[in-house]
Amino acid sequence: MDPILLLDYAGVAVFAATGALAASRKELDFIGFLFLAGVTGIGGGTLRDVVLGDLPVFWAENPDYLLVCATVAVVIFFSAHLVESRYKLLLWLDALGLSAYSVMGAAMGLAATGSPAVALVTGVMTATFGGILRDLLAGEPSVLLRPEIYVTAALAGAASFIALFSAGVELTLAAIAAFAIAFLVRGGALRFGWTFPRYKSRPGRRPEDIP
Amino acid sequence: MDPILLLDYAGVAVFAATGALAASRKELDFIGFLFLAGVTGIGGGTLRDVVLGDLPVFWAENPDYLLVCATVAVVIFFSAHLVESRYKLLLWLDALGLSAYSVMGAAMGLAATGSPAVALVTGVMTATFGGILRDLLAGEPSVLLRPEIYVTAALAGAASFIALFSAGVELTLAAIAAFAIAFLVRGGALRFGWTFPRYKSRPGRRPEDIP
Amino acid sequence: MDPILLLDYAGVAVFAATGALAASRKELDFIGFLFLAGVTGIGGGTLRDVVLGDLPVFWAENPDYLLVCATVAVVIFFSAHLVESRYKLLLWLDALGLSAYSVMGAAMGLAATGSPAVALVTGVMTATFGGILRDLLAGEPSVLLRPEIYVTAALAGAASFIALFSAGVELTLAAIAAFAIAFLVRGGALRFGWTFPRYKSRPGRRPEDIP
């Protein structure tokens, strides 16, 4: 199977699982599980296809992706209670999805435009947009504003893929290596709390305190 | 008049009205009424056109839709004070728009791709996206997270239309019947508080309480 | 240089700066600066290109725009501490970006569709969407819900450009005049607290207080 296509299905499935886990944390009904699994699973790839002009979007051309989301929602609906910490599982699955999608988004951006800068952006965009939608719609605090490294992992995955592939490394190998790099960065951040120095000259005042 | 086109104008008008009612609840100025009426009225259809690749989007090809939104904003600006409970009216108009758009989105998805699964998703997406935008921008609690049945009504409308039309029922009849089904589901949920059993093994802990 | 293109680069740069300032107020790391600068800088133009069907979007065809965002993020990262009130600077730069983008969005909408109504909407949409995304993602209170005139300034810029250009005024002159009008309206609102009468028959009750 095409490794990029495999990353695509895997990304959809694990992001859908994070959406369903968010639904379980909010105690939604089964339709809520389906909805959040769908939005999170296909959100990033939808935005990628739209900005690259690759329309209709991927799931409108191949509805199998929708079946993947629905299946994952059913599985999580019946098994979420077995998990000790659903939010931790959500974060780790999100890390897997982030890694898969950063590579896949970069590969598609590179194929469509030939520009490494554009590929970096489509990689990061594809990797982060589903999670942003999930957190907005479920009212979870945004993963983006969490202290540990997040966007950086997507950037690392996209940049590694672009560098390796441009250097002549074979597609499958470049994709696997870049996936591993992104996952190591995000996994290390989750496990060991890796952070970058944050900007800290002064925090911003609240807008209403500004004369 | 084409029944699908009629549902389209009706959907734009009632969603625009819910946006203007949200503006009145937030005490915005007249431009705020226009803005929220516009975003809510055309939001769902815009997303539908984008994912199906039917660009430019509908209101860029036929600006009459913009006129509908502006007219509705004016009417609500001058009449909202007459309404006893603006939030209740908002919810009922949202129910009408949800029903109209679930059918219309499904019809367009089916026409564009021939896939029932894709048509289900474009139906639900068209029906819910305007309301999601309205609640996000106006800072109202999301209709999605309300306890009673919401997305299910959109799903029921889209599924009924797809089933009836695929079974050979004439377009107008299938559209009217599916609209009625969606509205009965959502209206019943609003009137009688219908809910599905919610997932409730344990509520999620707050992220900051997780070690 | 084409005046419309100049407004485009200027709009990207100042919106990117507001995104980076929001990142500094939230004490994000450097990647957070890049991310918010990028989203805010290219958000409005991306939406404009999508609804007009002008795909791939502008920055996927010309990655220089991404370089502009990255450069601005670096500059703000190293200089934000020099600024006395970052939120005030953010609001003033946002006013510049709003003015540039309202004209540019209107010019592109007019060129693509010939409809003044559509051009008004693409003008306002381009001018406001980047700021909406910035505030949503950074958790800042939305500029849209601030009391002083905001969307109106975008509307004024777009309407002036459409009126002047349709009346036969030369493109560069019409663009400069409309930019100045938008900036005077928004700048006056910021400096003197200009507001429109707000809708105030009764504020909305909180949804949970409604029987």
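Per chain, numbering begins at 1; letters A, B, ... match sequence-line order.
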- Item | Name of the residue among A:Y65, A:F58, A:Y101 meeting ring pair (Phe, Tyr, Trp, His ring centres under 6.0 Å) with A:Y9 | A:Y65

- Item | Which atoms of C:L137 approach chain A - backbone, side chain, both or neither, heavy atom under 4.5 Å | both

- Task: Report the C-alpha separation of A:R186 and A:S99 in whole Å, then their side-chain angles, then the decisive distance to 0.1 Å, and conclude whether the side-chain hydrogen bond (donor to acceptor under 3.5 Å, both in side chains) test is met.
- Result: CA-CA 8 Å; A:R186 177 61 182 150; A:S99 306; over 6 Å; no

- Task: Determine the sole option in C:V74, C:I76, C:V75 for which the side chain to side chain contact (heavy atoms under 4.5 Å, CB included) test with C:F78 is passed.
- Result: C:V74

- Pick one of side chain, backbone, both or neither for A:V151, based on which atoms fall under 4.5 Å of a heavy atom in chain C. both

- Measuring heavy-atom distances to chain C, does A:T152 have an atom under 4.5 Å in its side chain, in its backbone, in both, or in neither? both

- Item | Portion of C:A70 that has a non-hydrogen atom of chain A nearer than 4.5 angstrom | neither

- Interatomic distance, A:F165 atom CZ to A:T172 atom OG1 [nearest 0.5 angstrom]: 10.0 Å

- Dump the intermediate steps for side chain to side chain contact (heavy atoms under 4.5 Å, CB included) on A:T126 and A:M108, then the final yes or no. CA-CA 10 Å; A:T126 311; A:M108 293 203 177; over 6 Å; no

- Which bit of A:L120 is near chain C, if near means a heavy-atom gap under 4.5 Å: side chain, backbone, both or neither? neither

